[in-house]
*Asks:* 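Input: one structure, supplied below.
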Amino acid sequence: MIDLHCHTLHSDGTDTPERLALLADEARLTALCLTDHDTLGGIPALLAMQPQVKVRLLVGTELSCHFLGRSLHVLGLLVDPADARFQARLEDLRGRRDDRNRRMIARLAELGCPITYEDIQAQADTPLLSRVHFAKALAARGFVRRAPEAFERLIGDECPGFVPREELSPAEAARWIREAGGVPVVAHPGRFANGGFRWDEAMQDLQREGLEGLEGYYGEYRAAEQKYFVALAARLGMVVTGGSDYHGGNKPGLRLGSGRGGLKVPDDLLERLETQQRNGTYR
Ligand code: AMP
Ligand code: MN
Ligand code: MN
Ligand code: MN
């Protein structure tokens, strides 16, 4: 089994890259791709673990895009960590994130919850600050009792204290990832929209914009969702990927490799992904 979607404390997870490599070996995974949001900051430490573990360690990232008025996540799998232009592009995204964070601090103060940049930094082990760290800072300052309450009342997508980031278009994200030698993949489509959403047409639009794969196996999918998205990828000729979206203590109950318990991402998906990386379309 493999896991092509997980996070460390370089974004909004709680584990070090070193620990993820060891956990992947313990879970007897054959491959692990690290996909922290907007950064390859954990990649050097991850790759340095390769001599010590059997699991193949791979490079990726997760970017946020705007699509149909909402946030769509795109995985850049197998990108080249030595690509300077891609690194500069990620740095630009982190700058936009920082702008958003400062505006969110101002908004929260207006709402009667004054926290400082330093309060949030104190909750993070690396420079990338996300809403997970806001939630912990709000709890530490006593504005909410526990971090999840911050998402319910203050900083969840629909809440008054939330400020969206300036996000990429799917086409732009796909191009950046392709130009860095990676494969652009729609992350957890079932979480973007479910129920009656017409994925056939939307996914074809995304495919036209340069998305080459979709996450058909996911840590939080029900069996029916997995079946639906694997079949949709086959119909459209897109690659299927899969992963747990492990975040350590920030997503309790979710395990590397096995997700909520039943996740099994087959090894052969990686061979297909690598073929796509070599032969895939580039517009
Ligand atoms: P950001 O990228 O800074 O906007 O933060 C997004 C992160 O916040 C996601 O990756 C989740 O880890 C977390 N998050 C967003 N919404 C919620 C929620 N309703 N409950 C718990 N965590 C959330
Ligand atoms: Mn996350
Ligand atoms: Mn995501
Ligand atoms: Mn993720």
Side-chain angles (χ1 to χ4, degrees), residues 3-15 20 32-42 58 60-66 70-77 90 93-105 107-108 115 117 120-121 123-139 144-168 173 184-192 214-215 217-221 241-257 259 263 265:
D3 190 332
L4 305 180
H5 187 166
C6 57
H7 299 267
T8 69
L9 44 71
H10 286 269
S11 64
D12 55 352
T14 54
D15 291 2
L20 246 57
L32 178 77
C33 187
L34 177 59
T35 55
D36 274 316
H37 301 276
D38 301 344
T39 184
L40 299 177
L58 303 167
T61 184
E62 182 173 15
L63 308 179
S64 300
C65 302
H66 55 86
R70 302 175 47 190
S71 185
L72 177 87
H73 291 184
V74 170
L75 297 170
L77 301 179
L90 292 179
L93 292 182
R94 293 194 295 273
R96 297 186 205 181
R97 170 184 285 279
D98 214 50
D99 291 344
R100 186 287 303 260
N101 287 347
R102 290 177 192 282
R103 273 181 290 162
M104 237 167 86
I105 289 169
R107 178 75 65 86
L108 285 166
I115 53 170
Y117 197 89
I120 302 159
Q121 253 174 341
Q123 302 298 332
D125 295 292
T126 68
L128 190 139
L129 303 183
S130 93
R131 276 185 282 162
V132 166
H133 308 112
F134 274 77
K136 289 179 175 175
L138 286 162
V144 293
R145 264 178 308 159
R146 294 191 321 111
E149 192 190 329
F151 283 104
E152 285 158 31
R153 289 206 297 113
L154 291 166
I155 59 170
D157 286 3
E158 316 293 332
C159 294
F162 172 61
V163 178
R165 272 179 287 159
E166 190 194 321
E167 290 177 327
L168 298 169
V185 170
V186 179
H188 45 67
R191 237 182 58 188
F192 175 79
L214 64 84
E215 203 165 37
Y217 297 78
Y218 185 62
E220 300 188 297
Y221 276 175
T241 71
S244 61
D245 209 3
Y246 179 77
H247 281 67
N250 283 342
K251 275 199 184 181
L254 205 57
R255 295 173 64 144
L256 199 67
L263 181 69
V265 187

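Read the numbers this way: they start at 1 and go in the same order the structure lists the ligands and their atoms.
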*Asks:* Taking the side chain as everything from C-beta on, heavy atoms only, tell me whether E62 gets closer than 4.5 Å to D12.
*Replies:* no
*Asks:* Stepwise, does the side chain to side chain contact (heavy atoms under 4.5 Å, CB included) test hold for T14 with D125?
*Replies:* CA-CA 9 Å; T14 54; D125 295 292; over 6 Å; no
*Asks:* Between D36 and T8, does the side-chain hydrogen bond (donor to acceptor under 3.5 Å, both in side chains) criterion hold? Intermediate values first, please.
*Replies:* CA-CA 7 Å; D36 274 316; T8 69; 2.7 Å; yes
*Asks:* Could you check atom 4 (O) of ligand 1 against the protein and tell me its nearest heavy-atom contact, residue, atom and distance included?
*Replies:* R131 NE, 2.8 Å
*Asks:* What protein heavy atom sits nearest atom 3 (O) of ligand 1, and how far off is it?
*Replies:* R100 NH2, 2.7 Å
*Asks:* Salt bridge or not for D98 and R102, using N-O below 4.0 Å?
*Replies:* yes
*Asks:* Give me the residue, atom name and distance of the protein heavy atom closest to atom 10 (O) of ligand 1.
*Replies:* D12 OD2, 2.7 Å
*Asks:* Find, among atoms of D12 that are N, O or S, the one nearest to the Mn ion (ligand 2), and state its name.
*Replies:* OD2
*Asks:* Measure the distances from the heavy atoms of K251 to every atom of ligand 1 and state whether one is below 4.0 angstrom.
*Replies:* no
*Asks:* Short list, please: which atoms of ligand 1 are under 4.0 Å from a heavy atom of H37?
*Replies:* 10 (O)
*Asks:* If you compare all heavy atoms of R191 against all heavy atoms of D245, which two are closest, and at what distance to 0.1 Å?
*Replies:* NH1-OD2, 3.5 Å
*Asks:* Can you pull out the closest protein heavy atom to atom 17 (C) of ligand 1? Residue, atom name and distance to 0.1 Å, please.
*Replies:* F151 CD2, 3.2 Å
*Asks:* Would you say R94's side chain and D38's backbone share a donor-acceptor pair under 3.5 angstrom?
*Replies:* yes
*Asks:* Is R255 atom CZ crowded by more than 12 heavy atoms from other residues, nucleotides or ligands, each under 6.0 Å away?
*Replies:* no
*Asks:* For ligand 1, which atoms, with element, lie under 4.0 Å from some heavy atom of R165?
*Replies:* 1 (P), 2 (O), 4 (O)
*Asks:* With the side chain counted from C-beta on, respond yes when V186 and F192 share a heavy-atom pair under 4.5 Å apart, and no when they do not.
*Replies:* no
*Asks:* Which of the protein's N, O or S atoms come within less than 2.8 Å of the Mn ion (ligand 4), not counting waters?
*Replies:* H5 NE2, H7 NE2, E62 OE1, D245 OD1
*Asks:* With a 4.5 Å limit on heavy-atom distance, are the side chains of L138 and I155 in contact?
*Replies:* yes
*Asks:* Do E220 and H188 meet the criterion of a side-chain donor-acceptor pair at a distance under 3.5 Å?
*Replies:* no
*Asks:* Using the ring of each side chain (for Trp, its six-membered ring), is H37 parallel, tilted or perpendicular to H247, with breaks at 30° and 60°?
*Replies:* tilted
*Asks:* Check contact between E152 and ligand 1, using heavy atoms of the residue and a distance below 4.0 angstrom.
*Replies:* no
*Asks:* What atoms of ligand 1 come closer than 4.0 angstrom to any heavy atom of R97?
*Replies:* 1 (P), 2 (O), 3 (O)
